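The shown structure was predicted, so the numbers you read here are calculated from the model rather than taken from an experiment. To find a chain, count down the sequence lines: A is the first, B the second, and so on, and within it residues start at 1.
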Protein chains: 2
Amino acid sequence: MTGATPRRMGADESLNREALLDAASELMLEEGYAAVTTRRVAARAGLKPQLVHYYFESMDQLLLDLVRRTTARGRETLARVLASPNPVRRLWEWSSDTEATALQIEMMALANHRKAIRAELADGAKRLRRMQVDALSNVLERLGIVNDVVRPDALMAVIGSLGRMLVMEKSLGVTTGHRNTRALVEHYLREFETRLERSTDSPV
Amino acid sequence: MTGATPRRMGADESLNREALLDAASELMLEEGYAAVTTRRVAARAGLKPQLVHYYFESMDQLLLDLVRRTTARGRETLARVLASPNPVRRLWEWSSDTEATALQIEMMALANHRKAIRAELADGAKRLRRMQVDALSNVLERLGIVNDVVRPDALMAVIGSLGRMLVMEKSLGVTTGHRNTRALVEHYLREFETRLERSTDSPV
DNA sequence: GTCTATATAATGATAGAC
DNA sequence: GTCTATCATTATATAGAC
């Protein structure tokens with residue numbers, strides 16, 4: 001418990017600490033993880049570069065804390081999404097969120113070569129996935145939609161990967177086939193919503 | 001044509017030049033794009049750091065050349081894939097290629113904040129997509145599989161995004177729902193292959 | 001045509017002042 | 001508990017030697 005603390009460090013609840021994480025997040029989103037340097041993070045937060053090392057043990061630790069904060073916030077957003085009366089469509093919209101996807105690419109790239117970040121991101125992804133699949137299973141079961149081919153977790157994989165890819169490609173400037181892909185998704189969403197409305201009309 | 005050449009530069013066909021691109025590719029794959037620095041690229045290629053600037057105008061140019069070479073090689077591989085008697089399954093396998101996916105994440109992240117690289121990567125993606133969709137359309141048409149809901153380009157989007165996501169997640173350490181997702185893909189692949197075999201048995 | 005010596009700026013991090 | 005002066009290292013890039 002009393003592990004040697006080589007250097008003193010700012011409190012976890014500090015406003016400056018949060019400001020530095022905000023700055024890091026913005027930089028990562030706008031210019032990529034390589035732009036998240038001590039000096040640039042500090043400058044954007046209106047602080048001196050040395051303060052980064054006061055509030056964070058290292059740049060790696062700052063990035064790890066950022067990933068943790070981001071996935072935690074993701075769970076909060078997802079909880080609201082899943083509370084919707086039409087969770088499937090909102091899940092699709094959520095999977096197509098531009099900002100979250102851009103951040104995810106950066107963090108995936110970061111995780112590819114930083115063990116601690118990979119573990120943190122994997123944990124976050126698993127927890128999000130479990131929330132999604134649980135909610136999807138509930139809805140499908142409640143509506144009596146049982147399908148041996150398309151299991152809820154597989155359906156979630158399709159929704160998630162397709163949404164993310166459309167956003168990625170669009171930000172890249174590639175939209176080949178997007179119209180038909182969206183039409184395909186819309187087709188199944190409508191089919192689901194028809195069943196949903198039918199079940200909502202009739203009382204439980 | 002005689003634009004001012006501020007600095008002399010190595011020939012395009014030089015072995016050292018290729019070695020530097022190889023080193024950059026390996027580094028990007030193993031440690032991410034941020035690890036692609038003059039010193040590290042040179043060290044891996046067994047050359048002096050200054051040579052990087054002899055063969056490439058700048059680090060940005062090196063990265064751009066690497067993206068161009070990578071997408072060009074991708075087209076060669078894809079052409080072989082599409083020449084297969086069973087192009088749909090091989091397209092699925094190709095979309096699930098681990099190395100290519102890891103490189104793609106890095107390059108997507110890189111493209112997010114470098115205009116020239118974004119343009120190059122977008123061009124490469126469009127050309128690959130066109131090859132894929134053309135081939136898929138041909139096969140589906142030849143087999144008489146016409147479907148207003150699942151158009152060839154949308155089907156390609158599903159195959160591509162799903163394959164990439166499974167690989168990404170697996171490398172992250174997340175495999176929740178992968179079994180059922182693979183089973184889903186396998187279901188449709190088998191269905192397609194049954195029709196394919198039937199059409200191959202009967203001569204044209 | 002190929003490579004080296006060198007310049008300049010940015011990086012993560014530490015020790016110590018308030 | 002908060003912040004600053006400073007360091008060693010690495011980054012990209014240039015000018016010029018062979």
Side-chain angles (χ1 to χ4, degrees), chain A residues 2-24 27-28 30-67 106 110 113-117, chain B residues 2-24 27-28 30-67 106 110 113-117:
Chain A
T2 54
T5 311
R7 201 156 17 107
R8 299 189 297 182
M9 203 144 301
D12 273 23
E13 332 80 38
S14 164
L15 279 176
N16 279 351
R17 201 189 133 94
E18 285 298 304
L20 287 170
L21 285 177
D22 290 342
L27 274 171
M28 189 178 280
E30 293 167 16
E31 307 187 46
Y33 68 79
V36 183
T37 66
T38 47
R39 286 172 147 79
R40 303 202 60 185
V41 167
R44 185 172 271 253
L47 298 169
K48 300 227 169 164
Q50 303 95 318
L51 280 180
V52 172
H53 287 280
Y54 171 56
Y55 288 103
F56 301 93
E57 196 183 310
S58 65
M59 282 308 286
D60 273 17
Q61 190 60 48
L62 182 151
L63 289 169
L64 189 64
D65 288 354
L66 178 60
V67 170
E106 290 298 329
L110 205 56
H113 58 280
R114 303 214 196 183
K115 208 176 123 190
I117 289 182
Chain B
T2 54
T5 310
R7 202 157 16 108
R8 298 187 298 181
M9 203 144 302
D12 273 22
E13 332 78 40
S14 164
L15 278 176
N16 279 351
R17 199 189 134 96
E18 285 298 304
L20 287 169
L21 285 177
D22 290 341
L27 275 171
M28 189 178 280
E30 293 167 18
E31 307 186 47
Y33 68 77
V36 183
T37 65
T38 47
R39 283 174 146 77
R40 304 203 60 186
V41 166
R44 186 171 271 254
L47 299 169
K48 300 228 170 163
Q50 303 96 318
L51 279 181
V52 173
H53 287 279
Y54 169 57
Y55 288 104
F56 301 92
E57 194 183 312
S58 65
M59 281 309 286
D60 273 18
Q61 191 60 48
L62 182 151
L63 289 170
L64 190 63
D65 288 354
L66 177 60
V67 170
E106 291 298 329
L110 207 57
H113 57 281
R114 304 213 196 181
K115 207 176 122 191
I117 289 181

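- The interatomic distance linking A:His53 (NE2) with C:dA13 (C1') rounds to 5 Å, in whole Å.
- At C:dT11, none of the side-chain N or O atoms of A:Thr38 fall inside 4.0 Å of OP1 or OP2 (strictly under the cut-off).
- Remark: B:Arg17 pairs with B:Asp12, B:Asp65 by the salt bridge (Lys or Arg N to Asp or Glu O under 4.0 Å) rule, at least two apart or across chains.
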- Item | Pair A:Leu64-A:Arg114, side-chain contact (heavy atoms from CB on, under 4.5 Å): steps then yes or no | CA-CA 10 Å; A:Leu64 189 64; A:Arg114 303 214 196 183; over 6 Å; no
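- Annotation: side chain to side chain donor-acceptor pair (under 3.5 Å) contacts of B:Arg39 (sequence neighbours excluded): none.
- Every residue meeting the side chain to side chain donor-acceptor pair (under 3.5 Å) condition with B:Glu18, not counting sequence neighbours, appears here in chain and number order: B:Arg69.
- At whole-Å resolution of the value, OH in B:Tyr33 and C1' in D:dA11 are 16 Å apart.
- The side chain to side chain donor-acceptor pair (under 3.5 Å) search around A:Arg44 returns A:Glu26, A:Glu30, not counting sequence neighbours.
- Per the geometry, CD belonging to A:Glu18 stands 14 Å off P belonging to D:dT2, to the nearest Å.
- The separation between B:Tyr55 atom OH and C:dG1 atom P is 11 Å, rounded to whole Å.
- We find that CG of A:Leu20 is positioned 13 Å from C1' of D:dT2, with the value rounded to whole Å.
- Atom CD of B:Glu57 and atom C1' of D:dA15 are 16 Å apart (whole Å).
- For A:Asn16, no side-chain nitrogen or oxygen approaches OP1 or OP2 of D:dG1 to under 4.0 Å.
- One atom, CG of B:Leu62, and another, P of D:dA13, lie 10 Å apart when rounded to the nearest Å.
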Can you give me the N/O atom pairs linking the protein to nucleotides 4-9 of chain D at distances under 3.5 Å, or say none if there are none?
{"unit_1": "D:dA5", "atom_1": "N7", "unit_2": "A:Gln50", "atom_2": "NE2", "d": "2.7"}

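- For the pair A:Gln61 CD and C:dT14 P, the interatomic distance rounds to 13 Å; values are reported in whole Å.
- Looking at residues two or more places apart in sequence or on another chain, you find a side-chain contact (heavy atoms from CB on, under 4.5 Å) between B:Ala34 and A:Tyr33, A:Ala34.
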